[in-house]
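Below is one structure, written out as structure tokens, with a few remarks after it.
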Amino acid sequence: MDWRDWRSWPARITRLWRSSLQFRTVTITVALSGFAIALVGVYVSVSVGNDLFQSRLGQVELDSNRATAAAQGILDASDASDRVQVQSLLGSARSSISAASSSRIIAVFRVPGQDPSTAAPQDFSTFGESTSVISDELRGSVQGEPGKQFWQSVTLATDDGGEVPGIVVGSQLTVPVAGRYELYIGYNLGEAEATLFFVQRTLLFAGLILILLIGAVTWIVVRFVVTPIRVAAETSQRLASGDLGVRIPEKGADVIATLAKSFNGMADSLQSQIKELADLSEVQQRFVSDVSHELRTPLTTIRLAGDLLYDQRATFPPATGRTAELLHTQVERFELLLSDLLEISKYDAGSVDLETEPTNLVHLAEDAIDGLRSLAESKGTQLDLVAPGGHLDAEVDPRRIRRIMHNLIGNAIEHGEGKPIVVSVDSNATAVALSVRDYGLGMSQTDIGHVFDRFWRADPSRKRTIGGTGLGLSIALEDAAVHGGWLQVWSSPGKGSCFRLTLPRTAHGALTASPSPLPPDDAGIDTRDTGAARIVTGGHHA
Ligand code: ADP
């Protein structure tokens with residue numbers, strides 16, 4: 001994990017957002033409280049600014065009023081009559097304004113439109129570069145209403161070239177001999193502005209600290225709540241994956257404790273029910289296996305007696321002879337059924353041990369075909385073995401694989417309607433496959449779905465020569481699965497069937513693909529297109 005790689009940040013944050021309840025809660029809390037704090041901050045800052053301005057304005061108006069009154073007093077008390085006297089009179093009025101007000105920025109202009117008088121002193125201004133801030137509008141108001149005071153917010157230039165906010169207050173003075181003059185006093189609001197900046201800075205700083213604190217507190221609080229929930233989630237996950245003994249620690253009496261208690265109660269009842277079911281199914285399995293075992297001894301006796309009668313059937317009257325024959329075949333079927341039941345009950349009990357050894361599947365297939373040749377000949381069926389490629393050994397249990405082959409080839413002969421049967425063995429680096437292809441009756445789609453079910457037969461009335469217990473393919477499927485292999489079928493009514501067994505070459509190998517095709521190459525494309533044929537996989541799904 002490299003946090004310096006900023007391009008991966010959005011993806012990381014999205015993942016964190018989706019996976020962490022804590023992160024999501026803290027982010028939302030910080031964002032909302034940050035917004036609220038910003039709103040309050042702006043409100044406080046604006047109202048403090050307003051208040052500072054209003055109080056300074058009040059001061060300024062008082063100040064300028066006082067200064068103007070003092071100057072007018074000096075002017076009124078004078079009896080100056082010529083230009084020099086008026087000039088010096090205005091000078092002393094100016095110093096009295098400076099002395100009375102807290103400002104040194106003063107401008108005095110003669111109100112325009114009066115008789116030009118030689119005694120009238122010159123306009124002057126200490127506004128410097130800021131003289132232009134005295135707007136025509138303000139001057140108009142001052143000129144229009146003598147005896148009243150007007151103000152205006154302005155920006156004043158400072159000596160060092162900067163700018164500060166300020167206020168200009170204007171009023172009229174009446175100078176003896178010279179006539180009416182406008183007086184403007186400029187006040188610097190720099191100090192008030194500095195105070196406002198200070199307040200804003202403090203607000204910002206306090207706001208940031210507050211947000212951080214809120215984030216930290218939320219983190220801790222959410223942690224308290226989320227940790228038990230996380231424990232509950234993990235525990236339920238373990239329970240779901242089959243670990244029935246896990247429980248959530250129960251602490252306190254709050255809602256989390258209630259959750260833990262009810263969860264644990266649920267787990268308890270689940271565990272006891274599963275145990276009950278497991279016990280029950282164990283009892284059933286044992287029953288089936290016990291019954292099969294118990295039946296074996298009397299059956300052997302019946303078998304011996306039956307064989308004896310069968311051997312002597314020629315000496316019996318015809319009806320009795322037929323009964324002896326019937327007894328013989330049914331006892332044979334009974335024995336077969338019993339051994340199949342015993343086998344399947346072993347799989348159910350999970351007590352199946354594989355005895356693997358390096359085995360050549362081609363040899364095994366030859367054995368199986370040889371074993372069934374007489375049955376095939378009785379049906380007029382031709383059995384072919386096709387085995388291209390190298391004949392490498394596979395780690396399998398030969399007894400079980402022979403049993404699968406016997407079942408598949410036997411079924412093909414039974415349902416192949418005397419048409420040729422092709423058994424092919426093929427292999428690749430990781431797997432070996434055996435296909436049994438017949439061109440007989442085939443099966444419908446619904447039949448294919450049941451073909452591996454226990455005791456299922458497509459048509460129980462079909463004439464059977466061997467087997468016929470309906471357990472053959474179920475056992476074959478278990479045999480394939482215990483090897484980690486697949487048993488799959490393709491079939492189409494009237495076109496025959498193809499059963500394919502695929503096994504990993506090594507004992508614990510995993511299968512990804514089979515060396516032989518299914519549906520078989522000669523299945524015809526039309527059957528696949530119309531969906532008349534379907535592949536059903538038993539055991540480990542392909
Ligand atoms: P059984 O002992 O009846 O052969 P299986 O489990 O071996 O039991 O087969 C179940 C049923 O599947 C058979 O009864 C038959 O109807 C059907 N079946 C199996 N193989 C074929 C096949 N090659 N062609 C058509 N139907 C088949």
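Hydrogens, waters and symmetry mates play no part in the numbers below; they use all other heavy atoms, side chains included. Order of appearance sets the numbers: ligands from 1, and atoms from 1 within every ligand.
The aromatic rings of Y310 and H328 sit parallel, their planes meeting at an angle under 30°, below the 60° perpendicular limit.
Residue contacts with ligand 1, taken as heavy atom pairs separated by less than 4.0 Å, involve M443 solely via side-chain atoms from C-beta onward. Neither the backbone nor the side chain of V436 comes within 4.0 Å of ligand 1, counting heavy atoms alone. Proximity of R457 to ligand 1, defined as any heavy-atom pair under 4.0 Å, is shared by backbone and side chain alike. Counting heavy atoms under 4.0 Å from ligand 1, residue D438 touches it through the side chain alone.
Annotation for ligand 1: atoms under 4.0 Å from non-hydrogen atoms of G470 are 1 (P), 2 (O), 3 (O), 6 (O), 8 (O). The ligand atoms of ligand 1 that sit less than 4.0 angstrom from a heavy atom of W456 are 10 (C), 11 (C), 12 (O).
Taking the charged nitrogens against the carboxylate oxygens, R286 and E282 do have a contact shorter than 4.0 Å, which makes a salt bridge. Between D348 and R454 a salt bridge is recorded (basic side-chain N to carboxylate O distance below 4.0 Å). Using a 4.0 Å cut-off between a side-chain N of Lys or Arg and a carboxylate O of Asp or Glu, D522 and R437 qualify as a salt bridge.
Taking distance alone, with nitrogen or oxygen atoms compared against 3.5 Å, S474 stays at or beyond that limit from ligand 1. In terms of polar-atom proximity, F499 is not counted as a contact of ligand 1, lacking any N or O under 3.5 Å from an N or O of the ligand. Distances between N or O atoms of V451 and those of ligand 1 include no value under 3.5 Å.
Using a 4.0 angstrom heavy-atom cutoff, L441 does not count as in contact with ligand 1. Not a single heavy atom of G440 lies less than 4.0 angstrom from ligand 1.
Judged by distance alone, the side chains of Q200 and S45 do bring a donor and an acceptor atom under 3.5 Å apart.
Remark: side-chain polar atoms of D254 are paired, donor with acceptor, to backbone N or O of A257 under 3.5 angstrom.
Under the side chain to side chain donor-acceptor pair (under 3.5 Å) criterion, R313 pairs with E325, not counting sequence neighbours.
Listed by first and then second residue, the side-chain hydrogen bond (donor to acceptor under 3.5 Å, both in side chains) pairs involving residues 209-230 amount to none (not counting sequence neighbours).
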